[in-house]
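So the structure is just underneath, and the comments pick up after that.
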Amino acid sequence: MTRTDEITRYLPLTESTYYILLSLVEPLHGYGVMQKVEAISRGTVRLGPGTLYGAFTTLEKDGLIIKVAEQDRRKSYTLTQKGKQVLLAQVERLEIMTGNGQQVRANLLE
Amino acid sequence: MQSQTINKFRWFWAWQDEAEEDWLGEMSAQGYHLQTSHGLGFYTFTCGEPADYTYRLDYLAASKQEAEVYYQLFADAGWEFIGAMAGWQYFRIPTPPGEEPEIYSDPQSKVRKYERLMGSLVIFIPIFIVFFVVWDDALSPYIGVPLILLMVAILLLYTYSMIKIFKRINQLKQY
C-alpha cells in the first residue's frame, strides 16, 4: 500500500513523538502520557514537560491528535485517523530498521 | 513568620539562559532560593537551608487560558513554578541524586524554545527600520548624536543576540 505524501511528510518521527502517538491510541492526559512513555520505553525515553507541551501543540495543529476532554486544567488527547496512519507508517519503517539491525547483530555475534 | 530575603544583581543575556540556570542552582546550594526574577539583572532570594535544586527556564508567550494547562503539566511532573518575567518561565525541582532533570528531553524540542525567542526578537526589526527611515527624512535636526549612537548600539547588540541564538539553534540541530 503506497503512503500518500500527506502521511510520509511526518516521517521519520523522533523517538519522543513516536512514543507520544503510541500512548494516545487510547485517550490520555499529559502527565499520563509521561508516565506511560517511561514505562513502555523501559526507561529509555523520559519526556520533559516542555517537550510534551510543545509536541501536543504541534500534533494538534497538524491534525494527528485531537482533544477529547478537559478537566481540572488537564487536557486529554487521542489519535485522529491521520495520526493512526502516521503511526502505522512509522512502525513499518521501524520494522525495516530493526530487521536490518537484527541481521547485523546476528552476524556480529557469531 | 517572614523569612529573610536578599537582593542580588547579575546580568544574563537572553542566550545565556543555561548559565542563568546554573547560577540559580549554585545559589540554592548556598541556601539562597530564588523568590522573584525582576528583570534587568535583579533577583530576590529567600534565605534558607542549602539544598540541591535544578532550575530550568522556559520561554513561552501563551494565552491566559493555555497557560493554565501548561503550568498544570509542569506541576504534575514535579516542577515548582517560581514566576514569569517577560515570557521567561522559572521552574525548579529537587535534584535526584545522579540525575540532571530537564524540561526539554530532546534537542529538537529545545530548538523550538529558541525559535520562539527569536520570533519575539524579530518584532523589533520594524521599529529599527522606522527609526532609521524617520531619521533620514524629517527629524534629523531633532535627533541628537547621543540618541543615534544609542540606537546604533542597541541595533548592534540586537544583531549579536540574534546571531548567538541562531548559533545555539544550529548547534542543537546537529544532534
Side-chain angles (χ1 to χ4, degrees), chain A residues 9-24 27-62 64-78 86 90 94, chain B residues 17-18 21 54-82 84 87-93 95-96 98-119 168-169 172-175:
Chain A
R9 58 195 285 249
Y10 297 106
L11 305 184
L13 300 176
T14 61
E15 277 194 347
S16 302
T17 308
Y18 170 68
Y19 275 110
I20 292 167
L21 291 180
L22 269 181
S23 305
L24 293 179
L28 201 52
H29 60 71
Y31 187 56
V33 171
M34 285 175 78
Q35 291 176 303
K36 186 161 181 185
V37 166
E38 182 168 357
I40 64 176
S41 73
R42 300 187 228 168
T44 58
V45 177
R46 296 169 74 179
L47 296 171
T51 301
L52 186 56
Y53 183 78
F56 278 163
T57 307
T58 309
L59 290 170
E60 191 180 23
K61 193 175 66 142
D62 289 342
L64 298 182
I65 64 176
I66 191 165
K67 185 185 95 170
V68 291
E70 188 165 351
Q71 200 183 21
D72 298 331
R73 298 183 302 274
R74 293 183 184 93
K75 282 187 185 173
S76 293
Y77 295 92
T78 198
V86 169
Q90 177 68 38
L94 288 169
Chain B
D17 54 331
E18 291 181 354
E21 289 169 355
T54 297
Y55 287 79
R56 290 286 179 253
L57 270 53
D58 196 9
Y59 187 78
L60 193 78
S63 71
K64 208 73 190 290
Q65 211 182 17
E66 264 310 295
E68 291 200 335
V69 173
Y70 171 82
Y71 291 124
Q72 187 62 54
L73 181 58
F74 276 75
D76 284 348
W79 291 88
E80 178 194 346
F81 176 62
I82 304 165
W88 289 100
Q89 314 292 329
Y90 288 76
F91 294 97
R92 73 172 152 234
I93 196 168
T95 312
E99 282 178 37
E100 274 185 44
E102 292 289 347
I103 59 178
Y104 286 99
S105 42
D106 66 29
Q108 294 94 335
S109 55
K110 217 181 221 182
V111 160
R112 284 193 215 110
K113 165 185 155 186
Y114 292 109
E115 284 176 347
R116 281 196 293 273
L117 177 58
M118 283 196 78
R168 182 84 183 109
I169 289 173
L172 286 167
K173 279 187 174 166
Q174 273 165 30
Y175 291 112

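Keep in mind the model is a prediction, meaning the values are calculated, not measured.
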Hits for side-chain contact (heavy atoms from CB on, under 4.5 Å) against B:R116, two or more places apart or cross-chain, chain-then-number order -> B:D58, B:Y59, B:L60, B:Y104, B:R112, B:K113
Residues of residues 71-78 of chain B contacting chain A, heavy-atom criterion under 4.5 Å, by residue number |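 The list, in residue order, reads B:Q72, B:L73, B:F74, B:D76, B:A77.
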May I ask you to name which of A:T57, A:L47, A:T58 has the most heavy-atom pairs under 4.5 Å with chain B?
-> A:L47
Under 4.5 Å, counting heavy-atom pairs only, tell me which of A:M34, A:K75, A:R74 racks up the most with chain B.
-> A:R74
Spatial distance of atom CZ (A:F56) from atom CD (B:E66) [nearest 0.5 Å] | 11.5 Å
Examine distances only and state if a side-chain atom of A:T51 and a backbone atom of B:S109 form a donor-acceptor pair shorter than 3.5 Å.
->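 Side chain of A:T51 to backbone of B:S109: no pair is present.
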Other residues, nucleotides, ligands: >12 heavy atoms within 6.0 Å of A:I66 CD1 = no
Residue A:Q71 excluded, over 12 heavy atoms near CD under 6.0 Å =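 Incorrect, the count does not exceed 12.
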Within-4.5 Å side-chain heavy-atom neighbours: A:E15 and B:Q108 | no
Side chains of B:E68 and A:E70: closer than 4.5 Å at any heavy-atom pair?
-> no
